[in-house]
Number of protein chains: 2
Amino acid sequence: MDNQEIRKAGLKVTLPRVKILELLEASVPRHVSAEDVYKMLLEKGEEIGLATVYRVLTQFEAAGLVTRHNFEEGHAVFELDRGEHHDHIVCVLCGKVEEFMDATIEERQKEIAAEHGFEMEDHSLIIYGRCNKPSCPGRE
Amino acid sequence: MDNQEIRKAGLKVTLPRVKILELLEASVPRHVSAEDVYKMLLEKGEEIGLATVYRVLTQFEAAGLVTRHNFEEGHAVFELDRGEHHDHIVCVLCGKVEEFMDATIEERQKEIAAEHGFEMEDHSLIIYGRCNKPSCPGRE
DNA sequence: CTCGTAATGCAAAAGATTCCCATCTCTCTT
DNA sequence: AAGAGAGATGGGAATCTTTTGCATTACGAG
Ligand SMILES: [Mn+2]
Ligand SMILES: [Mn+2]
Ligand SMILES: [Zn+2]
Ligand SMILES: [Zn+2]
């Protein structure tokens, strides 16, 4: 259960941490901002401060439980880490986010980093475009 | 000269715009924040407000004169658009930025977007790693 | 050169995230 | 089970970046 994950990260098992982790595990959509988490918790009747949400998410990120993304929205979004890396496609019209993983690209990135004398530590690949969802505004 | 670029963008040729464009053309390093631009202008004795710097950079971006990047530093950085797209490798230790362009990756991105029913509009690929510069802290 | 509109500077406002600190609460020990 | 101590929390203040409002100024068409 969650408690072990938290404990394993060297963090005390506190109510805010458990609730936030639970929420991320059940979260739809998968990619949420700190503010989103804060509001969702409020709606569930949990009295957890926004500062705590930010702190916990940052700690979870450091512990590898959560991944932080900087899409071009002015604020970070977080998602539960499911072990397997992936990148994102974001609809610039409706905000819809899809995920993908491409071995070819992953491979080339490592090579490129090496060619430039860098030891790759991480990378961020975000494709922006217009989706074809009928519900998407902007499809005319 | 710069004036034509600015005029072509449908903007009045004003002193702030000319000075900012000049600065970006001569800028070392190539990737600078709004605050960087503001301070560099101050040092040159130009009395240009920070709000104007933000406004002009945003207008230049809309006009395609400048490109904005969101590296993970908490603030955007801008660079003069040189016509040819490229991506970035950023050293997480010293902040050094290198540029690259990989046809294979570019190609795959378009395909992936299409496979997901998206019309690609733009994309952002940033590799984070540790560089091998002798001046880089953290190389032990 | 004159006028009207767009642009600018400054200060205030916003939005996101972090920091402070007095007050709680886990967890480890008795 | 109770106590102590380190660590965590909440709420507000503080920071930082970026945007906005507005009175004033400067382009540039005529
Ligand atoms: Mn994801
Ligand atoms: Mn560049
Ligand atoms: Zn859409
Ligand atoms: Zn470096």
Side chain to side chain donor-acceptor pair (under 3.5 Å) with A/R17: of A/E5, A/E22, A/Q59, only one passes, and it is A/Q59
Over how many whole Å does the gap from [X] atom [atom1] to [N] atom [atom2] extend?
X: B/L11; N: C/dT8; atom1: CG; atom2: P; answer: 9 Å
X: A/I48; N: D/dA8; atom1: CD1; atom2: P; answer: 15 Å
X: A/R7; N: C/dC28; atom1: CZ; atom2: C1'; answer: 12 Å
X: A/E47; N: C/dC24; atom1: CD; atom2: P; answer: 15 Å
X: B/R17; N: D/dT25; atom1: CZ; atom2: C1'; answer: 14 Å
X: A/L41; N: D/dT9; atom1: CG; atom2: C1'; answer: 14 Å
X: A/H75; N: C/dT17; atom1: NE2; atom2: P; answer: 7 Å
X: B/K19; N: D/dA26; atom1: NZ; atom2: C1'; answer: 16 Å

Can a side chain N or O of [X] be found less than 4.0 Å away from OP1 or OP2 on [N]?
X: B/T58; N: D/dT18; answer: no
X: B/T14; N: C/dT8; answer: yes
X: A/Y54; N: C/dT18; answer: no
X: A/T52; N: D/dG10; answer: yes

**Asked** Any chance the rings of A/F118 and A/H116 have centres within less than 6.0 Å?
**Response** no
B/K12 has its side chain closest, among D/dA6, D/dT9, D/dC27, to D/dC27
Winner on side-chain proximity to A/A76, out of C/dT17, D/dG10, C/dG9, is C/dT17
The residue, B/A34 or A/L15, whose nearest nucleotide of DNA chain D is more 5′ is A/L15
Assign each of A/V56 and A/A51 the nucleotide of DNA chain D bearing its closest heavy atom; nearer the 5' end lies the nucleotide of A/V56
side-chain contact (heavy atoms from CB on, under 4.5 Å) with A/I6: of A/L11, A/V56, A/I20, only one passes, and it is A/L11
With A/I126 as partner, the option from A/D87, A/V97, A/V90 fulfilling side-chain contact (heavy atoms from CB on, under 4.5 Å) is A/V90
Judged by nearest nucleotide, the residue sitting upstream toward the 5' end of DNA chain C, B/G49 or A/N70, is B/G49
Is there a donor and acceptor pair, one atom on the side chain of A/R55 and one on the base of D/dG10, closer than 3.5 Å?
yes
Would A/T52 and A/R55 count as having a side-chain donor-acceptor pair, cut-off 3.5 Å? yes
